[in-house]
Amino acid sequence: MRIRIVDAFTDRAFSGNPAGVLLLDAFPADAWLQDVAMEVNHPETAFAHPLPEGGEADWALRWFTPAAEVAMCGHATLATAHVLFGTGAHEGPVRFATRSGVLVATPREDGSITLDFPTAPLTPVPVPDGLAEALGAEPLCAYDTGPFVGDLLVELPDEKTVRALTPDFRALGAHSERGVIATAAAEDPAGGHDFVSRGFFPNVGIDEDAVTGSAHTALAPFWSERLGRTELTGLQASRRPGHVRVELRGERTLLGGRAVTVIEGELNA
């Protein structure tokens, strides 16, 4: 079967967030899916197969890190849609049946793709004891992001602090289900982004993620309230940075970006 490596939330190779993508006839055993994801060894590997016509979704979609299956993944969904549109396997908006409900990906005339995801519910929580030491900076506030995202979202004083973080990943894993999203307002709003973030997810085998679409379903309502706008651009300032366009629509958040196929080959297993 064909396997592809796609860089998501970027318009050039070797940047953004890489994902493996496999289009299947049906889902094999979970152990095989996990083994493939471990072999690919990227933050996520997406597995999709077509569904019968007439249902609420067109394709079934699952996502695995090298260590575990996850409930939601933005960049691997973008990568899967990119493969479907690029190969002609699907035309027009595609509906994915996932553990997070039906997610829709829509191709745009400019070559980008827009994802329609559920907005993460934000619940203020006390900053956990020991988090500042694990993160390497003192958070201003903290929020639980709900069951689908499963992260602790923390605001830091400024963009420089976010960029300079060198967390203790082992200690960080004790403070949330999946990981920690650290964010701050853009130092220069004219620089092409409204806010900056980094995402650390040691509990699913990813110390730092490059560009995390699902995290932006929490970042969108967080920064929309503070900045007074529903359309924003986030920069995830990892070693492979990427931009995510967000548009808050109440209970749904639109995530926009591009993707590039970097490797295509045969999986012989």
Side-chain angles (χ1 to χ4, degrees), residues 1-53 55 57-100 102-117 204-206 209-214 240 242 255-269:
M1 65 194 72
R2 304 300 290 172
I3 184 169
R4 298 166 174 87
I5 305 299
V6 178
D7 290 345
F9 291 115
T10 183
D11 59 1
R12 58 188 178 87
F14 313 125
S15 62
N17 206 356
V21 178
L22 285 91
L23 305 183
L24 308 167
D25 295 325
F27 289 137
D30 288 2
W32 184 88
L33 299 174
Q34 188 63 72
D35 283 345
V36 172
M38 185 167 57
E39 187 77 11
V40 172
N41 200 33
H42 280 316
E44 306 281 351
T45 298
F47 302 91
H49 71 76
L51 295 172
E53 294 184 6
D58 307 301
W59 288 73
L61 177 62
R62 296 172 71 180
W63 314 277
F64 287 76
T65 76
E69 184 173 10
V70 297
M72 179 188 291
C73 179
H75 88 276
T77 303
L78 181 67
T80 304
H82 169 78
V83 170
L84 291 176
F85 301 147
T87 60
H90 191 93
E91 295 183 0
V94 56
R95 301 167 298 168
F96 293 112
T98 77
R99 290 174 59 181
S100 299
V102 175
L103 308 176
V104 181
T106 302
R108 301 301 183 187
E109 292 184 359
D110 65 358
S112 68
I113 296 171
T114 298
L115 307 178
D116 183 336
F117 272 42
V204 291
I206 305 169
D209 201 27
V211 190
T212 315
S214 59
R240 294 171 57 113
L255 311 172
R258 298 174 180 270
V260 180
T261 299
V262 179
I263 297 173
E264 181 176 350
E266 293 287 336
L267 176 65
N268 300 311

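Contact annotation: the side chain of R95 never approaches that of L51 to less than 4.5 Å [non-hydrogen atoms, C-beta and beyond]. Between F47 and L24 the shortest side-chain heavy-atom distance falls below 4.5 Å. Inter-residue side-chain proximity for R240 and T10 is flagged as unmet; no heavy-atom pair is nearer than 4.5 Å. You'll find the side chain of L115 stays beyond 4.5 Å of the side chain of L103, heavy atoms only. Contact check for L23 versus L84: side-chain heavy atoms found under the 4.5 Å cut-off. Looking at heavy atoms from C-beta onward, T87 lies out of side-chain contact with R2 at the 4.5 angstrom threshold. Within the 4.5 Å cutoff, no side-chain heavy atoms of F64 are placed close to those of V40. E44 places none of its side-chain heavy atoms less than 4.5 Å from the side chain of D209.
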| task | Could you walk me through whether D116 and T106 pass side chain to side chain contact (heavy atoms under 4.5 Å, CB included), step by step? | result | CA-CA 8 Å; D116 183 336; T106 302; over 6 Å; no
| query | What do the steps show when you test H82 against R4 for side chain to side chain contact (heavy atoms under 4.5 Å, CB included), and what is the final call? | reply | CA-CA 11 Å; H82 169 78; R4 298 166 174 87; over 6 Å; no
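Note that the CH2 atom of W32 and the CD atom of E39 stand 11.0 Å from one another [nearest 0.5 Å]. The CD1 atom of I5 lies 6.5 Å from the OG1 atom of T45; values are rounded to the nearest 0.5 Å. The structure places CE of M72 at 6.5 Å from OG of S214, a figure rounded to the nearest 0.5 Å. A distance of 4.0 Å separates CZ of R108 from OG1 of T114, quoted to the nearest 0.5 Å. Between atom SG of residue C73 and atom CG of residue L78 there is a gap of 9.5 Å, rounded to the nearest 0.5 Å.
Closest approach of P93 to D58, counting heavy atoms only: O-OD2, 4.1 Å. For I206 against P43, the heavy-atom pair with the smallest separation is CD1-O, 3.3 Å. The two residues A210 and G16 come nearest to each other via the heavy atoms CB-O, 3.4 Å. Heavy-atom minimum distance, H75 versus P18: NE2-O, 3.1 Å. When every heavy atom of G213 is checked against every heavy atom of L255, the shortest pair comes out as O-CD1, 3.4 Å. Across H90 and F85, no two heavy atoms sit closer than the pair O-CD2, 3.6 Å.
For T80, there are no side-chain hydrogen bond (donor to acceptor under 3.5 Å, both in side chains) partners two or more places apart in sequence or in a different chain.
More than 12 heavy-atom neighbours from other residues, nucleotides or ligands sit within 6.0 angstrom of CD on E264. Atom CD of E266 has more than 12 neighbouring heavy atoms from other residues, nucleotides or ligands inside a 6.0 Å radius. Under a cut-off of 6.0 angstrom, the local environment of CG in D110 is crowded, with over 12 non-hydrogen atoms contributed by other residues, nucleotides or ligands.
Side chain of T65 to main chain of G205: no donor-acceptor pair is present (N/O by atom type, distance under 3.5 Å, no hydrogens or angles). With D7 contributing its side chain and F14 its backbone, the two residues share a donor-acceptor pair below 3.5 Å.
In the model, T98 has no side-chain atom that pairs as donor or acceptor with a side-chain atom of W63 under 3.5 Å.
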